[in-house]
Amino acid sequence: METDDVLDGAPTADTAARVREVIAAAGVSQREFARWVVMDPSKLSRSLSGTRRFTAAELARIADEGRVDAGWLLGTRARERAAAPTVEVEGGRPLQIVRETVRLIAEHGFHAVRVADIARACATSSAAIHYHFPGRAELLEAAVRWCMDEDTARRAARLAEADDAAAELRQLIALQTPRTAQQRRQWAVWLDLWAEAARSTAVGRLHSEYYRQWRETVADVVRRGVGQGVFRAGLDPQAAALTLTALIDGLATHVLSVGGPSSAAAADAMHAALTTHVTDTILAP
């Protein structure tokens, strides 16, 4: 359940207007700002429209990103610029916390990671972590959202490089094959979050939304490929996307279970299997 507790008082109707000022000063879209402060874009939109209240942690992250005093956002203090951190953190403190959380989850698993571990990795205090993310559930949700955003951005960049739908599909397969250390970390996090999604309603909703977007991306590629004549005529885009994504998930899970020098061979075998599947069932003969 969301809390409406705030920093020094209750948010007023002017709080939304002040947050809008911060977003305008940032010079980015509302959706992009939501990504910066690791917030659900729909929650930001509803809070700005007055149908939802900002939580204390959200206002803390907005103040941190906008370098303004959190009390000013609430209308309890005159406007003044927040003191610059002693050590400049790339992307701001909230993103640093989330990035380090994701790294630690990949290395140790979510339930083995303590707030003290995250604080140590960020060279800050546990109180500072709780200031931005009051509980483990909120921190996990933020980590999932950040992973989703990063994956979506990488996917969009890869698809932009492709000449046709067949090349797009090859790019997606390459992106999902855990060959590099970064790809393996990404998959390790997703596997851990899958298990958590079965127990957490909030994470489960994010998980479902991510996979809906991912399958729709694949279905759109298949749909374009059929139209371009590079994929089989009459191919059902949704069915093809469901089968291909299920294969990717299953094969990637196997690759991650293989350690040491054998992992590279397992990744190559996964890529070969996916390529064969695409050639046999999707590409035009």
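Residue numbers run from 1 in the order of the sequence given.
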Output yes when [X] and [Y] qualify as a salt bridge under the 4.0 Å nitrogen-oxygen rule, no when they do not.
| X | Y | value |
| --- | --- | --- |
| Arg103 | Glu100 | yes |
| Glu150 | Arg35 | yes |
| Lys43 | Glu138 | no |

Going through the distances and angles, do Asp249 and Trp190 end up as a side chain to side chain contact (heavy atoms under 4.5 Å, CB included)?
CA-CA 10 Å; Asp249 291 344; Trp190 281 122; over 6 Å; no

With heavy-atom distances below 4.5 Å as the criterion, would you say the side chains of [X] and [Y] are in contact?
| X | Y | result |
| --- | --- | --- |
| Thr15 | Leu59 | yes |
| Gln96 | Thr124 | no |
| Ser45 | Gln30 | yes |
| Glu65 | Val22 | no |
| Asp268 | Arg179 | yes |
| Met270 | Pro178 | yes |
| Trp146 | Leu95 | yes |
| Arg158 | Leu172 | no |

Return the set of residues passing salt bridge (charged side-chain N to carboxylate O under 4.0 Å, His left out) with Asp151 (not counting sequence neighbours), or none when no residue passes.
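With neighbours one apart ignored, the set is Arg155.
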
With Asp220, which residues qualify under salt bridge (charged side-chain N to carboxylate O under 4.0 Å, His left out), at least two apart?
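With neighbours one apart ignored, the set is Arg223.
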
Checking Asp64 against Arg61 for the salt bridge (Lys or Arg N to Asp or Glu O under 4.0 Å) test, could you report, in this order, the C-alpha distance in whole Å, the side-chain angles of both residues, the deciding distance, and whether it holds?
CA-CA 5 Å; Asp64 186 277; Arg61 298 199 296 271; over 6 Å; no

[atom1]/[X] to [atom2]/[Y] distance, rounded to the nearest 0.5 angstrom?
| X | Y | atom1 | atom2 | answer |
| --- | --- | --- | --- | --- |
| Ile118 | Leu104 | CD1 | CG | 6.5 Å |
| His108 | Asp192 | NE2 | CG | 11.5 Å |
| Thr279 | Leu274 | OG1 | CG | 10.5 Å |
| Leu169 | Thr217 | CG | OG1 | 11.5 Å |
| Arg67 | Ile62 | CZ | CD1 | 15.5 Å |
| Thr243 | Ile248 | OG1 | CD1 | 11.0 Å |

Donor-acceptor pair, side chain of [X] and main chain of [Y], under 3.5 angstrom:
| X | Y | value |
| --- | --- | --- |
| Arg18 | Trp72 | yes |
| Asp164 | Ala167 | yes |
| Gln171 | Ala160 | no |
| Ser257 | His254 | yes |
| Gln228 | Ala165 | yes |
| Arg31 | Pro41 | no |
| Arg145 | Leu206 | no |
| Arg184 | Ala106 | no |
| Thr51 | Arg46 | yes |
| Ser263 | Val258 | no |

Hydrophobic cluster membership, with links at side-chain heavy-atom distances under 4.5 Å among I/L/V/M/F/W/Y: are [X] and [Y] in one?
| X | Y | value |
| --- | --- | --- |
| Leu244 | Leu235 | yes |
| Trp214 | Leu175 | no |
| Leu256 | Ile173 | yes |
| Val144 | Leu191 | yes |
| Tyr210 | Leu247 | yes |

Option among Leu139, Leu140, Thr101, Val115 that satisfies the side-chain contact (heavy atoms from CB on, under 4.5 Å) test with Phe133:
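Testing each of Leu139, Leu140, Thr101, Val115 against Phe133, the sole residue satisfying side-chain contact (heavy atoms from CB on, under 4.5 Å) is Leu139.
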
Does the side chain to side chain contact (heavy atoms under 4.5 Å, CB included) test come out yes or no for Arg120 and Asp117, once each step is laid out?
CA-CA 5 Å; Arg120 190 178 305 109; Asp117 298 325; 3.2 Å; yes

Restricting to non-hydrogen atoms, name the atom on [X] and the atom on [Y] that form the minimum distance, rounded to 0.1 Å.
| X | Y | answer |
| --- | --- | --- |
| Ala219 | Ala241 | N-CB, 3.7 Å |
| Leu283 | Ala166 | CD2-CB, 4.1 Å |
| Val222 | Pro237 | CG1-CA, 3.8 Å |
| Arg215 | Leu242 | CD-CD1, 4.0 Å |
| Ile105 | Val113 | N-CG2, 3.9 Å |
| Ala34 | Leu44 | CB-CD2, 3.8 Å |

ring-ring contact (aromatic ring centres under 6.0 Å, His included) against Phe33, all qualifying residues, sequence neighbours excluded
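Phe33 satisfies ring-ring contact (aromatic ring centres under 6.0 Å, His included) with no residue once adjacent residues are dropped.
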
Can you check side chain to side chain contact (heavy atoms under 4.5 Å, CB included) on Leu48 and Phe54, steps first, answer last?
CA-CA 9 Å; Leu48 289 173; Phe54 286 103; 4.0 Å; yes

Please check if any side-chain donor atom of Glu32 sits under 3.5 Å from a side-chain acceptor atom of Trp36, or the reverse.
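A pair is found: one side chain offers a donor N or O, the other an acceptor, under 3.5 Å apart.
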
